[in-house]
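Values below: every heavy atom of this structure, side chains too, minus hydrogens, waters and symmetry copies. All ligand and atom numbering here is 1-based and tracks the order in the structure.
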Amino acid sequence: MTVTPDGAPRTQELAQRLRLVRDRIEAARAHSHRPDPVHLVVVTKYFPVQDVAILAGLGVTDVGENKVQEATTKFLHLPRPAVRRHFVGQVQTNKARQVAAWADVVQSVDRPKLVTALDRAAQAADRRLEVLIQVNVDQAAGASPSTGRGGADPAAIGDLAALIADAEALELRGVMAVAPLGADPRAAFDRLARVAGAVRANHPAATWISAGMSGDLEEAIAAGATHLRVGTAILGSRPSHR
Ligand SMILES: *Cc1c(COP(=O)(O)O)cnc(C)c1O
């Protein structure tokens with residue numbers, strides 16, 4: 001679809017899909033008897049910054065990206081505080097400075113070295129970052145970050161949480177996970193909820209549970225997700241996968 005200079009067709013398209021997703025969220029909340037709000041982070045990876053601006057105009061408050069280079073190009077010049085910027089992808093420690101320059105929330109913290117690098121980078125930039133620990137909830141035999149979904153081993157979460165809590169420029173907000181491909185997402189989200197409870201026992205402010213994407217947001221809400229990360233259902237199919 002071509003976008004006219006005023007962007008109207010794209011605006012209508014995004015508005016319509018956003019409404020459908022919000023309806024799904026409300027229905028799932030009602031079904032799960034969840035009186036608390038469920039926050040929507042719209043994942044805009046592969047889509048232009050113009051879409052971010054349109055989404056902000058439609059009332060979207062939070063957007064997410066998963067590639068450092070793309071996100072840095074897209075967000076560095078976006079007027080603040082139009083939307084809250086989340087990073088949800090893998091971060092190499094040598095890219096921590098780039099992420100700390102614009103991210104408000106880093107959802108994908110999964111190892112001590114990254115905690116140290118982000119803390120140092122945020123301090124140097126005179127910024128504070130809210131962070132989530134990405135948890136590997138894949139219980140399949142031999143599952144590891146090499147399966148591509150990433151995340152820290154549940155056994156390592158306690159130490160990681162303590163390290164983040166002690167970091168000067170980081171605030172521990174909770175946990176995040178991506179459901180394993182081809183497995184029951186509900187079981188994975190229940191595992192995440194248990195990890196979240198354990199973290200919260202020591203860090204009462206770590207209340208966020210980021211789970212649920214376009215295909216499994218209902219299961220995530222049923223399992224207690226406070227934040228959803230939705231891309232395709234709002235933006236449409238991504239132009240291409242690497
Ligand atoms: C791309 C992405 C999403 C959004 O996935 P959709 O299936 O397009 O909704 C959510 N979380 C992470 C970590 C992602 O990389």
Side-chain angles (χ1 to χ4, degrees), residues 13-14 16-25 28 38-49 51-52 55 58 60-72 74-75 83-92 95 99 103-111 114 118 129-138 143-152 173-186 188-189 191-192 195-196 208-221 223 225-242:
E13 193 182 347
L14 292 179
Q16 193 173 21
R17 293 213 202 92
L18 188 60
R19 199 174 315 121
L20 289 174
V21 166
R22 285 181 170 147
D23 287 349
R24 281 175 65 190
I25 294 170
V38 175
H39 302 277
L40 174 64
V41 179
V42 180
V43 180
T44 50
K45 64 189 183 203
Y46 298 97
F47 289 94
V49 70
D51 280 354
V52 178
L55 289 164
L58 295 170
V60 167
T61 55
D62 292 73
V63 297
E65 288 285 331
N66 86 335
K67 300 258 189 297
V68 174
Q69 197 50 58
E70 178 189 353
T72 302
K74 205 181 282 185
F75 284 159
V83 285
R84 194 139 70 142
R85 289 156 247 225
H86 297 244
F87 191 71
V88 302
Q90 313 242 326
V91 193
Q92 293 169 282
K95 299 282 169 62
V99 173
D104 299 300
V105 184
V106 181
Q107 296 204 3
S108 40
V109 174
D110 59 359
R111 58 196 193 280
L114 182 56
L118 283 173
L129 303 178
E130 300 182 285
V131 309
L132 303 182
I133 298 174
Q134 183 173 355
V135 182
N136 179 5
V137 289
D138 192 345
S144 73
S146 65
T147 56
R149 311 251 94 181
R173 281 281 178 254
V175 295
M176 176 274 234
V178 180
L181 286 169
D184 174 15
R186 180 61 199 265
F189 294 147
R191 278 197 287 281
L192 180 65
V195 172
W208 298 14
I209 301 177
S210 173
M213 320 198 315
S214 294
D216 55 20
L217 67 88
E218 284 83 3
E219 288 88 345
I221 291 171
T226 62
H227 290 69
L228 309 171
R229 309 177 308 272
V230 179
T232 317
I234 294 169
L235 279 303
S237 304
R238 288 184 275 277
S240 66
H241 291 265
R242 309 199 302 155

Does the distance from a Lys or Arg side-chain N to an Asp or Glu carboxylate O, for E65 and R85, drop under 4.0 Å? no
salt_bridge(R84, D62) N-O dist < 4.0 Å: yes
List for me each residue that meets salt bridge (Lys or Arg N to Asp or Glu O under 4.0 Å) alongside R173, sequence neighbours excluded, and say none if there are none. E130, E171
Residues at least two apart in sequence or cross-chain that pass salt bridge (Lys or Arg N to Asp or Glu O under 4.0 Å) with K95, listed by chain then number, are none
Is any side-chain heavy atom of L14 closer than 4.5 Å to one of L235? yes
Applying ring pair (Phe, Tyr, Trp, His ring centres under 6.0 Å), can you list everything that pairs with H227, at least two apart in sequence or on another chain? H39, W208
I'd like a table of the close N/O pairs between ligand 1 and the protein (anything under 3.5 Å), one pair per line with both atom names and the distance.
| residue | atom | partner | partner atom | Å |
| --- | --- | --- | --- | --- |
| ligand 1 | 8 (O) | T232 | N | 2.8 |
| ligand 1 | 8 (O) | T232 | OG1 | 2.5 |
| ligand 1 | 8 (O) | R238 | NH1 | 2.7 |
| ligand 1 | 8 (O) | R238 | NH2 | 3.3 |
| ligand 1 | 9 (O) | S214 | N | 3.0 |
| ligand 1 | 9 (O) | S214 | OG | 2.5 |
| ligand 1 | 9 (O) | G231 | N | 2.8 |
| ligand 1 | 11 (N) | R229 | NE | 2.9 |
| ligand 1 | 15 (O) | K45 | NZ | 2.7 |
| ligand 1 | 15 (O) | N66 | ND2 | 3.3 |

